[in-house]
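All remarks here apply to the structure that follows.
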Protein chains: 2
Amino acid sequence: MTTQSQGLHTHVLDTLGLEISSGQCPPGSVLRTDELAQRFDVSRTVIREVIRVLESMHLVESRRRVGVTVRPTETWNVYDPQVIRWRLAGSDRPRQLRSLTVLRSAIEPVAAGLAARHATAEQCAELTERALGMVATSRGQQLEGYLEHDIAFHRIVLNASGNEMFARLGDVVAEVLAGRTHHQVMFEDPDPAAVTLHVRLAEAVREGDPEAAERITKEIAVGALHELDVLAP
Amino acid sequence: MTTQSQGLHTHVLDTLGLEISSGQCPPGSVLRTDELAQRFDVSRTVIREVIRVLESMHLVESRRRVGVTVRPTETWNVYDPQVIRWRLAGSDRPRQLRSLTVLRSAIEPVAAGLAARHATAEQCAELTERALGMVATSRGQQLEGYLEHDIAFHRIVLNASGNEMFARLGDVVAEVLAGRTHHQVMFEDPDPAAVTLHVRLAEAVREGDPEAAERITKEIAVGALHELDVLAP
DNA sequence: TGTGACACATACGTCGTACTTTTTTGTTCC
DNA sequence: GGAACAAAAAAGTACGACGTATGTGTCACA
């Protein structure tokens, strides 16, 4: 899943990022560049580049004479898709999934309302197409196909909102949906009610009805939150 | 304003980041590490570290034999506070300010509702204190003092929501408020209606009234958007 | 015994160079 | 004209040296 073998840099970054965000290196712990270079059998050059990236994500802090210190969680750039991926792969996935879903429940209704105003004909068409795709894959253990349509659907809504900040949340939503599908044991097919709501949302957007779009999206979000409550601690 | 002189790295990163996000190096343009090293009179090591950070923000892409290419805006990590700062300092500040304000208008009402449920006594107290501070600095050209209270106020609300993703948006809100105050010519004192709404929001949170908190915050957001419409193109 | 200044050790910061790897481009040969 | 091959260009990696800040411990002095 995580990118790899396209450079030493990437591998080291991924490994360290995962270790830190999974709490394996708790905040306050100190890493030394020389040790890391030895451990990964790469030059200090590579390690330093990785550290700089980690530093830009506020995962670590590098100080002279003391080393590279892991920073407390509150300072992390939790909107960085890479960080999100690491955390979803790590130990506190449930908490992460929940806070991300709450975020979605705040953003997506507003985005859907805007989409109903601004969506182009093409976007409406693709939205409908994806909704139908969700219907078609909603039964019979076609979870992967369903997931693909689901992700595409929400991406379109976010893009159609015309707001850059919303649009760029598409990756986050994709991570959440993928994480939900892959990491939660899903015995059953997707909730039929959710499928219906997506179809109705596509209609509302197509008909240019912002209030309906917002309301329906809120319902979808409520459903997602409820699902988390049922399936997670 | 931007951090500086705490290492060559920081200076180069800041300069390049600003140049890219301000459109001075348009998407598609190519940078060469050797040239940059010459230009900034630093070693290639420093340049490479900077490039790696820029790459992690998806501002550039580095490929062998071709160089470092500036990526299209759609791929940038626009939630990175650093990127936000660069863009707010650059040329398309109005657009950026608007999309960020729309984001706030989606997030903060929900966050305020959650805060009304979850805020601790301390948080309520500090919130009230900040609201009073806003009142105290709302007249007589005390914009800097007002700004400080305003930022602190919204930070508390976001933190009190208990949701990590909301809480981490505090920096973004701070940048927006600061950008609004500093870059927009503000002849007058803050809108008295906004001040009142903040006081009432503090009350609603203290009294544990989520609906009121959400409604009042929506009003604040509408006011902020309206203000942008009036003062910006 | 307590306190302050000074020296030292340490780990990151920066540099320069040499070498490797990938990818584009251009050339040659069929 | 097209395919195989050779050369060049630029990033990727490595290594070793020195610079620099900073925590720590020591020593002298009160």
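Computed from a predicted structure; not experimentally measured. Below, chain A is the first sequence line, B the second, and so on; all start at residue 1.
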Could you give the side-chain donor-acceptor pairs of residues 23-37 of chain A under 3.5 Å, partners two or more places apart or in another chain?
unit_1: A:Ser29; atom_1: OG; unit_2: A:Pro26; atom_2: O; d: 2.5
unit_1: A:Arg32; atom_1: NH2; unit_2: A:Glu35; atom_2: OE2; d: 2.9

Notebook entry, point to check: Who passes side chain to side chain donor-acceptor pair (under 3.5 Å) against B:His58, sequence neighbours left out?
Noted result: none
Margin query: Under the rule for side chain to side chain donor-acceptor pair (under 3.5 Å), what residues qualify as partners of A:Arg155, not counting sequence neighbours?
Written below: A:Asp171
Next item on the list: Both distances under 3.5 Å, Watson-Crick or G-U wobble: on that basis, could you give the dot-bracket string for DNA chain D, with [ ] for crossing pairs and | for other-strand partners?
Entry: ||||||||||||||||||||||||||||||
Margin query: According to ring-ring contact (aromatic ring centres under 6.0 Å, His included), who are the partners of B:His154, at least two apart in sequence or on a separate chain?
Written below: B:His198
Check: For every nucleotide of nucleotides 6-15 of chain C, 5' to 3': is a protein heavy atom under 4.0 Å from its base (B), only from its sugar-phosphate (S), or from neither (-)?
Finding: ---BBBBBBB
Item checked: Pairs touching residues 53-82 of chain A that satisfy salt bridge (Lys or Arg N to Asp or Glu O under 4.0 Å), sequence neighbours left out -> A:Arg52-A:Glu55
Check: chain B on DNA chain D: first and last contacting nucleotide, 5' to 3', under 4.0 Å to a heavy atom?
Finding: D:dA8 to D:dT13
Margin query: Applying side chain to side chain donor-acceptor pair (under 3.5 Å), can you list everything that pairs with B:Thr120, at least two apart in sequence or on another chain?
Written below: B:Gln123
Next item on the list: Sequence neighbours left out, what passes ring-ring contact (aromatic ring centres under 6.0 Å, His included) with A:Tyr146? Give chain and number order.
Entry: none
Check: Got a sec, which residues hit salt bridge (Lys or Arg N to Asp or Glu O under 4.0 Å) with B:Glu126, two or more places apart in sequence or on another chain?
Finding: none
Next item on the list: Enumerate the residue pairs fulfilling salt bridge (Lys or Arg N to Asp or Glu O under 4.0 Å) with a member in residues 16-27 of chain A, sequence neighbours excluded, ordered by first and then second residue.
Entry: A:Glu19-A:Arg39
Note to self: Which residue is it: A:Leu54, A:Val53, A:Val50, A:Leu16? I am looking for the one with a side chain to side chain contact (heavy atoms under 4.5 Å, CB included) to A:Val60.
What the structure shows: A:Leu54
